[in-house]
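If you read the sequence from its start, that first residue is 1, and numbering goes on from there.
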Amino acid sequence: MRGWWQDLTDLVLPAECGGCGTPRVALCARCRAALCGAAPRRVRPVPEPPGLPVVHAAAAYEEAVRAVLLAHKERGALALVGPLGEALAGAVRASLTYGDEGVRGAKGARGTTAGGAGAVPVLLVPVPSAGRAVRARGHDPVRRIALAAAGELRRRGVPARVLGALRQRRPVADQAGLNSRERRANLSGALGTVPGAGPLLRGAGHVVVVDDLMTTGASLTEAARALGGVDGVQGEGDDQAHRTGRHQARNGAENQIGNQPSRGEGNGTAGVPANALVARAKGAAKTVSAAVVAASPDSFKINRN
């Protein structure tokens, strides 16, 4: 268990870069670029488990990125949470604009979102860690990164918050050493929603499952399944359903806007801006997506969009 003085020392006097070991810096410029420098991309594991939500990742899980994640998770290098949160926030923004960039008016996954696209709340739902793992590490790394990502999103105008909506319903075996099929079997039915989460999930504009790493996709698939048990939340991971739901919402919003008198360039109605109508219609076709800091390199090589 880490002491408070160790956490303070790490934050004030970083010993070395978490990615490459460069002395006297928490994360050097090169390793930060490896983690946060590229535009987040859609990723898919091979084989892709049925029910996997649409997933975006900030970086490939290799070299410096792998070292940074392990330093934060296993060695409690808390000074790394800021860059990790920035990376996850970029992946979340990519998931929010997936398939409808023209409606949200986004300038890019890392740029500012124009036109008030953050008008509806975004819930980040961390994949829960086993209690024994949290106790052994002395912190919950995924929740910590999610909180940092939510702060980064709010600074960019997206009203994001973290909701611990999921819990483990039963013990699961250590995933290390299990293949994709064994991981799916290990996690099947393992997660459930916490009491009282339903109204908050239904009231969100978008629900994004977040994790630090995707390898086989088993954890994200199980999380989406559990969230899909809440009325008003579509947890299935079918890409066509995801796109269809968003386009139906977009078309409904555009029809609403087109049937109303215009108000200058804003094209709003009855005091409601056009982008608010779009956001409102999207809320009716809510699906669960997912975002991670990193994913296996192979998952970036598959392009089936």
Please examine the side chains of [Y] and [X], heavy atoms only from C-beta on, and report whether any two atoms are closer than 4.5 Å.
{"X": "Arg32", "Y": "Glu86", "result": "yes"}
{"X": "Val54", "Y": "Thr287", "result": "no"}
{"X": "Tyr98", "Y": "Val55", "result": "no"}
{"X": "Arg161", "Y": "Leu124", "result": "no"}
{"X": "Pro45", "Y": "Ser296", "result": "no"}
{"X": "Val46", "Y": "Asp298", "result": "no"}
{"X": "Leu96", "Y": "Val208", "result": "yes"}
{"X": "Cys20", "Y": "Cys28", "result": "yes"}

How far does [atom1] of [X] sit from [atom2] of [Y], to the nearest 0.5 angstrom?
{"X": "Arg44", "Y": "Ser299", "atom1": "CZ", "atom2": "OG", "value": "11.0 Å"}
{"X": "Leu191", "Y": "Arg225", "atom1": "CG", "atom2": "CZ", "value": "7.0 Å"}
{"X": "Ser129", "Y": "Arg135", "atom1": "OG", "atom2": "CZ", "value": "11.5 Å"}
{"X": "His206", "Y": "Thr97", "atom1": "NE2", "atom2": "OG1", "value": "9.5 Å"}
{"X": "Thr193", "Y": "Arg169", "atom1": "OG1", "atom2": "CZ", "value": "8.5 Å"}
{"X": "Ser289", "Y": "Arg42", "atom1": "OG", "atom2": "CZ", "value": "10.5 Å"}

Legend entry - Enclosure of Arg66 CZ (heavy-atom neighbours >12, cutoff 6.0 Å): no
Closer than 3.5 angstrom, by distance alone: can the side chain of [X] be matched with the main-chain N or O of [Y] as a donor-acceptor pair?
{"X": "Glu182", "Y": "Asn179", "answer": "yes"}
{"X": "Arg154", "Y": "Pro159", "answer": "no"}
{"X": "Ser188", "Y": "Ala185", "answer": "no"}

Legend entry - Lys/Arg N to Asp/Glu carboxylate O, Glu16 vs Arg24, below 4.0 Å: no
Legend entry - Cationic N near anionic O, under 4.0 Å, Arg184 to Glu222: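 Answer for the salt bridge query: no.
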N/O donor to acceptor pairs below 3.5 angstrom from side-chain atoms of residues 210-220, sequence neighbours left out:
residue : atom : partner : partner atom : Å
Asp212  : OD2  : Lys73   : NZ           : 2.9
Thr215  : OG1  : Arg183  : NH1          : 3.0
Thr216  : OG1  : Ala218  : N            : 3.3

Inset, instruction - Scan side-chain atoms only and decide if Arg144 and His139 contain a donor-acceptor pair under the 3.5 Å cut-off. - result: yes
Inset, instruction - May I have the step-by-step check of side-chain contact (heavy atoms from CB on, under 4.5 Å) for His56 and Arg41, ending in yes or no? - result: CA-CA 5 Å; His56 284 80; Arg41 290 172 53 190; 5.7 Å; no
Check [X] against [Y] and note the closest heavy-atom contact, atom names and distance.
{"X": "Gly18", "Y": "Ala71", "result": "O-CB, 4.2 Å"}
{"X": "Ala58", "Y": "Ala91", "result": "N-CB, 4.1 Å"}
{"X": "Pro83", "Y": "Leu80", "result": "CD-O, 3.2 Å"}
{"X": "Ala294", "Y": "Ala57", "result": "C-CB, 4.2 Å"}
{"X": "Pro297", "Y": "Ala60", "result": "CA-CB, 4.2 Å"}
{"X": "Pro126", "Y": "Leu166", "result": "O-CD1, 4.2 Å"}

Legend entry - Residue pair His72, Leu70: steps toward the side-chain contact (heavy atoms from CB on, under 4.5 Å) verdict: CA-CA 5 Å; His72 176 260; Leu70 289 175; over 6 Å; no
Inset, instruction - Could you please spell out the steps behind the side-chain contact (heavy atoms from CB on, under 4.5 Å) verdict for Arg137 and Arg75? - result: CA-CA 8 Å; Arg137 293 172 179 143; Arg75 300 199 299 277; over 6 Å; no
According to a 4.5 Å side-chain heavy-atom criterion applied to Ile, Leu, Val, Met, Phe, Trp and Tyr, with indirect links allowed, do [X] and [Y] form part of one hydrophobic cluster?
{"X": "Val288", "Y": "Leu187", "value": "no"}
{"X": "Val127", "Y": "Val172", "value": "no"}
{"X": "Leu178", "Y": "Tyr61", "value": "no"}
{"X": "Val142", "Y": "Leu78", "value": "no"}

Inset, instruction - Decide yes or no on side-chain contact (heavy atoms from CB on, under 4.5 Å) for Val125 and Leu201, but give the supporting numbers first. - result: CA-CA 10 Å; Val125 180; Leu201 291 167; 4.2 Å; yes
Legend entry - Residue pairs, two or more places apart or on separate chains, that pass salt bridge (Lys or Arg N to Asp or Glu O under 4.0 Å) and touch residues 185-201: none
